[in-house]
Amino acid sequence: MRWKLLPVLAVMMVALAQCAPAAPATPTAPPQITIVHWQHHHEARKPVVDELIQKFQAKHPNVTIKFESIPYEQYFDKLLTALASKTGPDVFQIPMEMAEQLIRAGALAPVPENVMTPQQIEAAFIPAAVQRFKADGKYYGLPTDVQTLILFINVDLLKECGGDPNKPPATWEELKEQARRCTKRDAQGNIVQAGLDTRYRWAVFTQAMYSFIDGPVVDAAACKVNYASPQGIAAWKLVAELMTGPEAVDSPKFLTGQRKFEQGKAVFYINHPVTRGRLEREAKNINWIVAPPPVPAGKKPVTPLHVWAYVVNKDAKNPEWAWRWVQFLTSKEAQIQWFRKAGDLPSLKELLSDPSLVTDEKYRIALESMTYSRPVEQVGQTEVDNIQSELWEKIVIQGAGVETAVREAAAKEEQVVKKILGCP
């Protein structure tokens with residue numbers, strides 16, 4: 001899900017530097033067009049892409065989509081190396097944090113107006129899903145993988161430890177108290193059941209920061225990183241309370257690298273709504289529900305909105321047809337499939353109020369989370385992910401003082417932002 005890239009982005013940037021509305025009539029494709037499409041592998045999304053490929057190729061028999069679903073751990077290293085050597089795919093996925101870097105590096109082709117105009121894009125998609133892919137009046141990406149964060153709950157395990165699934169924890173304090181009560185340990189004190197599955201650490205600390213911090217977490221206009229503020233430090237102190245000491249609700253040593261929640265070894269789990277697809281396929285023996293993610297007491301619900309977008313390589317052999325494939329991937333028909341089969345949230349405005357999508361309570365909560373979401377503001381990918389992961393490890397594993405560690409990390413991240421955005 002979330003990415004931890006190899007530290008190659010800065011080097012690659014130097015090398016790189018050398019739908020909803022009706023579109024105009026689709027031209028007849030010349031013979032033997034091949035569009036190479038890469039994205040990081042996800043169990044729920046790959047079958048959807050495979051199905052959409054069949055539909056697109058049936059509609060356009062002269063076009064072949066060559067799709068590669070690349071393991072997440074290898075994806076960015078392989079992608080950036082290929083782009084730098086001009087052997088990259090025609091269509092690929094990037095997270096919103098990489099938008100400014102790749103656009104400024106000249107690595108992406110803009111959406112041509114004979115596919116979708118900027119006005120059509122703005123009329124079709126929610127602003128938060130596309131705003132970071134716009135530069136100089138042009139758009140360089142269209143979103144399908146739009147995700148908030150929600151709380152997954154193992155109903156049976158929660159009941160066993162005295163919780164009420166009809167009253168899921170709404171605040172961080174409630175979650176911490178219930179997770180502690182539900183955490184089980186053996187005679188040696190080792191965790192054998194986690195109160196909260198924290199293997200997706202990004203979801204935990206990002207939900208904490210974006211719910212504690214009222215203003216910008218990262219202010220791109222001012223080139224400032226703000227999580228060393230009192231609210232940001234409070235968010236990271238919460239991380240320390242959840243992960244350290246005798247009342248920790250999870251441990252890096254417990255089922256390291258394994259899916260604790262899916263194995264029935266964790267009561268709560270914070271992740272994207274797309275996780276529903278994997279649970280419905282692979283955890284059929286678990287009775288689970290979802291709820292809005294926790295926030296500090298007294299605050300209204302809020303969740304970070306994270307976007308991946310399909311983009312087109314500036315060196316694509318046929319950029320127009322590459323964009324027509326992307327347009328198909330982001331169409332109303334496709335987004336309904338993404339939502340129903342993969343769990344991705346729709347980015348088209350008209351689908352947010354489509355009653356046909358609300359087929360059960362899990363879907364309702366996932367869609368409703370869009371109404372109280374705020375966009376992720378992180379600028380930069382490799383270095384920033386490394387900084388935040390190191391911050392987690394310093395606090396959780398090394399036992400570093402929270403305030404000092406957070407201030408150091410925020411200062412490092414601010415330097416990355418300034419470098420990427422060219423700030424003085």
Side-chain angles (χ1 to χ4, degrees), residues 1-10 12-13 16 37-42 44-46 49 69-83 88-89 91-105 107-108 125-135 139-149 200-203 205-207 209-210 217-218 220 225 271-275 303-313 326 329-330 338 342-345 347 370 373-389 413 416-417 420-421:
M1 290 286 296
R2 181 69 175 167
W3 45 92
K4 183 177 180 181
L5 312 186
L6 298 175
V8 297
L9 186 54
M12 295 304 175
M13 291 304 98
L16 287 167
H37 173 159
W38 288 3
Q39 67 185 57
H40 75 83
H41 180 73
H42 187 277
R45 294 193 184 104
K46 183 182 183 302
V49 178
S69 187
I70 301 168
Y72 184 84
E73 295 76 12
Q74 304 169 18
Y75 177 68
F76 292 98
D77 189 33
K78 181 173 181 176
L79 174 65
L80 294 171
T81 300
L83 291 176
V91 172
F92 54 97
Q93 272 186 322
I94 62 168
M96 62 200 308
E97 293 90 336
M98 291 178 69
E100 293 89 351
Q101 291 170 304
L102 293 182
I103 292 171
R104 294 184 184 206
L108 307 180
F125 296 96
I126 61 172
V130 294
Q131 63 189 29
R132 291 188 65 179
F133 296 93
K134 184 178 183 180
Y139 283 92
Y140 290 82
L142 295 180
T144 53
D145 179 1
V146 176
Q147 294 292 329
T148 55
L149 291 171
Y200 188 19
R201 60 175 70 171
W202 180 90
F205 66 69
T206 302
Q207 176 62 30
M209 287 196 296
Y210 280 77
V217 176
V218 178
V225 173
N271 208 326
H272 302 299
V274 70
T275 304
T303 180
L305 176 72
H306 189 268
V307 175
W308 286 67
Y310 286 119
V311 298
V312 171
N313 190 342
V326 171
L329 288 168
T330 59
W338 288 118
D344 289 329
L345 297 176
S347 55
M370 294 287 287
S373 65
R374 53 180 294 197
V376 169
E377 297 156 346
Q378 178 179 324
V379 175
Q381 191 61 35
T382 309
E383 293 170 279
V384 172
D385 280 346
N386 288 339
I387 289 167
Q388 293 178 355
S389 290
E413 186 171 331
V416 174
V417 172
I420 290 170
L421 299 181

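Since we're looking at a predicted model, the values are computed, not measured.
Between the side chain of Arg104 and the main chain of Leu421, a donor-acceptor pair closer than 3.5 Å is present. Judged by distance alone, the side chain of Thr275 and the main-chain N or O of Asn271 form no donor-acceptor pair under 3.5 Å. Between the Gln207 side chain and the Thr303 main chain, no donor and acceptor come within less than 3.5 Å of each other. Side chain of Asn313 to backbone of Pro89: a donor-acceptor contact under 3.5 angstrom is found. Distance alone, capped at 3.5 Å, is enough to place a donor-acceptor pair between the Gln378 side chain and the Gly380 backbone. With hydrogens and angles ignored, the 3.5 Å screen pairs a side-chain donor or acceptor of Ser373 with a backbone N or O of Met370. Remark: the backbone N or O of Ala44 is paired with a side-chain donor or acceptor of His42 at under 3.5 angstrom.
Taking the side chain as every heavy atom from C-beta outward, Ile70 and His41 never approach each other to under 4.5 Å. At a threshold of 4.5 Å between non-hydrogen side-chain atoms, the residues Val417 and Val225 count as touching. Taking 4.5 Å as the limit, every side-chain heavy atom of Trp38 sits out of range of all side-chain heavy atoms of Val91. The shortest distance between side-chain heavy atoms of Val217 and Arg374 falls below 4.5 Å. At a threshold of 4.5 Å between non-hydrogen side-chain atoms, the residues Leu329 and His37 count as touching. For the pair Thr148 and Leu345, the minimum side-chain heavy-atom distance is below 4.5 Å. Taking 4.5 Å as the limit, every side-chain heavy atom of Phe133 sits out of range of all side-chain heavy atoms of Leu108. Pro143 is listed as a side-chain neighbour of Val130, based on a closest heavy-atom distance under 4.5 Å.
Of all heavy-atom pairs between Ala128 and Leu305, the closest is CB-CD2, 3.5 Å. Taking both residues in full, the closest heavy atoms of Ala135 and Ile103 are given as CB-CG2, 3.7 Å, listed atom of the first, atom of the second, then distance. Of all non-hydrogen atoms in Leu149 and Ala203, the two that sit nearest each other are CD1-O, 3.6 Å. The shortest heavy-atom contact between Tyr210 and Pro375 is CE2-O, 3.6 Å.
With 3.5 Å as the limit, one finds a donor-acceptor pair spanning the side chains of Glu413 and Gln388. Defined by atom type and a distance below 3.5 Å, a donor-acceptor pair is missing between the side-chain atoms of Gln39 and Tyr75.
Here the OG1-CD distance, from Thr144 to Gln93, works out to 6.0 Å after rounding to the nearest 0.5 Å. Taken to the nearest 0.5 Å, the CD atom of Glu100 stands 8.0 Å off from the CD1 atom of Ile420.
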> Passes side chain to side chain contact (heavy atoms under 4.5 Å, CB included), Phe125 versus Gln131? Steps please.
Replying inline: CA-CA 10 Å; Phe125 296 96; Gln131 63 189 29; over 6 Å; no
>> Applying side chain to side chain contact (heavy atoms under 4.5 Å, CB included) to Arg132 and Val307, what does each step give before you reach the verdict?
In response: CA-CA 9 Å; Arg132 291 188 65 179; Val307 175; over 6 Å; no
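Among Trp308, Phe92, Phe76, the single residue meeting the ring pair (Phe, Tyr, Trp, His ring centres under 6.0 Å) criterion with His40 is Trp308. With Glu97 as the partner, the side chain to side chain contact (heavy atoms under 4.5 Å, CB included) test is satisfied by one option alone out of Val376, Val384, Val218: Val376.
Taking the six-membered ring for Trp and thresholds of 30 and 60 degrees, Trp338 and Tyr310 have ring planes inclined between 30 and 60 degrees apart.
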